[in-house]
Amino acid sequence: MAALWRCGLQRGLRIATALSCGGIRRGLRTSAYLRMVGVDQQPGQYHHTSQTYTAAQESSSSCHSEQHGEKAEGFESEEELRQQLLSAALEFVPHFGWSMEAIAEGAKVLDLSPAVTGMFSHGPGDLVLHFVCQCNKQLSGQLTEQHQQVQTGQQEAKKTDRFVKDAVEARLRMVIPYIDTWPQAMSILLLPQNITESLSSLMNIVDEVWYYAGDRSTDSNWYTKRAILAGIYNSTELVLLQDTSPGYEETWNFLKNRVNDAVNMAQSVKQVGSTGKALFQGFVGAAVTLKNLSGVAQNR
Amino acid sequence: PTEGSAIGYKVASVVEQMWDQEKQHLEKFNELIVDHRVRPTLLMPFWNVAGFVLGAGTALLGKEGAMACTVAVEESISQHYNNQIRMLMEEDPERHKELLAVLKKFRDEEMEHHDTGLAHDAEMAPAYSLLKNIIQAGCKAAIYISERI
């Protein structure tokens with residue numbers, strides 16, 4: 001829950017929450033707001049609504065806006081340097097694992113001194129978080145694109161359970177190229193210095209998936225749905241790590257079953273709710289009838 | 001008895017009008033929450049109950065009590081709206097134009113409710129200033145907490 005605090009949005013009464021655009025530091029995306037005010041936004045680009053996007057904010061944020069473009073001779077900012085360095089380092093991860101060595105190798109590719117690894121205060125955590133952020137951005141881009149295609153009628157809207165399953169599968173598939181070293185990455189993400197950022201990236205995934213799946217709740221359902229999906233995501237990730245079936249079939253079946261369970265549970269909760277209400281009304285009606293029949297407390 | 005019920009009916013219809021406007025406000029903000037991809041406050045179920053208890057409780061003190069509660073709450077909320085509007089104006093009035101328009105409209109409606117409350121003898125409520133201060137302190141606390149949780 002600490003990550004929810006650090007997510008940096010102004011919580012609150014409807015007004016305060018609606019005004020979070022001024023004070024977002026990181027966390028849930030507000031690209032929808034930008035679309036609303038007509039600002040052009042590249043899909044998959046993390047959006048910070050505040051125009052004062054300072055380095056201070058970046059250092060506390062796990063996900064930064066990517067500088068698109070080819071490898072420049074000189075780097076425009078430290079931020080761009082970090083991004084390119086970490087992206088280059090990813091190639092060496094299968095061989096060196098999620099470690100400073102991989103980052104050092106990436107530095108060599110960019111003609112930088114390996115000493116540049118000193119700028120990563122969280123060590124390998126920075127590399128893992130960079131990768132996770134990239135994946136999240138990619139997922140976001142895919143979901144936005146799908147959404148647009150459905151809007152323009154090029155694609156049929158999927159049912160909720162199928163949509164959620166496909167989205168989680170898409171996100172997990174991004175991990176597959178690094179699956180041999182992923183257990184190491186997961187344990188790095190659980191380290192105390194990285195845990196807030198990794199929780200916030202998990203929050204980001206579940207929020208994106210639910211938003212594009214059509215969730216528009218603003219009450220405790222908002223929390224329940226995201227918590228359940230986070231649980232499904234984590235358990236599926238663990239299954240993926242131990243899956244040896246061809247094409248990871250077992251994992252996707254597991255995922256489908258978990259999503260169906262969750263959806264069914266939600267439906268039965270609703271049914272229980274309405275049955276409960278009907279029962280209650282039945283009792284009240286019976287009580288009133290009895291009261292009238294017995295002539296107690298009559299108003300004349 | 002007939003006079004009393006006539007007055008009661010009139011007050012009830014005033015309250016109902018205010019209630020309709022508040023329902024519109026709530027609907028609008030629920031939309032805004034989704035549009036801006038904002039996290040709703042965790043304490044919403046609690047505020048639902050607390051709000052009901054406050055309203056029902058002050059109504060038990062009579063028509064003046066209900067109006068006093070209205071005055072107190074509307075004053076708190078107008079201050080809150082004004083703070084929000086100020087914050088947005090300081091940041092970038094152009095970009096937040098639509099939102100600002102919504103907030104200003106709602107704030108004006110809340111001020112109307114406030115004046116309606118005063119016009120219906122809110123100040124004649126038992127322990128008016130004590131009641132008003134307690135309710136306003138509660139509102140401020142609720143706003144503060146909800147902004148964080």
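Every chain is numbered from 1 and lettered A, B, ... according to where its sequence line falls, protein lines coming before strand lines. Side-chain atoms are counted along with the backbone in the values below, which use heavy atoms only and exclude waters and symmetry mates. All figures in this text were calculated on a predicted structure; none of them were measured in a lab.
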Rounded distance (nearest 0.5 Å) linking atom OG1 of A:T218 with atom CG of B:L26: 7.5 Å
Residues, nucleotides or ligands: over 12 heavy atoms within 6.0 Å of A:Q154 CD: yes
Those residues that, when tested against A:R216, pass salt bridge (Lys or Arg N to Asp or Glu O under 4.0 Å) (two or more places apart): none
Validation row: A:Y211, B:V34 side chains within 4.5 angstrom (heavy atoms): yes
Between CG on residue B:N48 and OG on residue A:S220, distance to nearest 0.5 Å: 9.5 Å
Side-chain donor or acceptor of A:Y223 paired with backbone N/O of B:R39 under 3.5 Å: no
Flag if over 12 foreign heavy atoms under 6.0 Å of NZ, A:K270: no
Which residues share a ring-ring contact (aromatic ring centres under 6.0 Å, His included) with A:H147, sequence neighbours left out: A:Y212
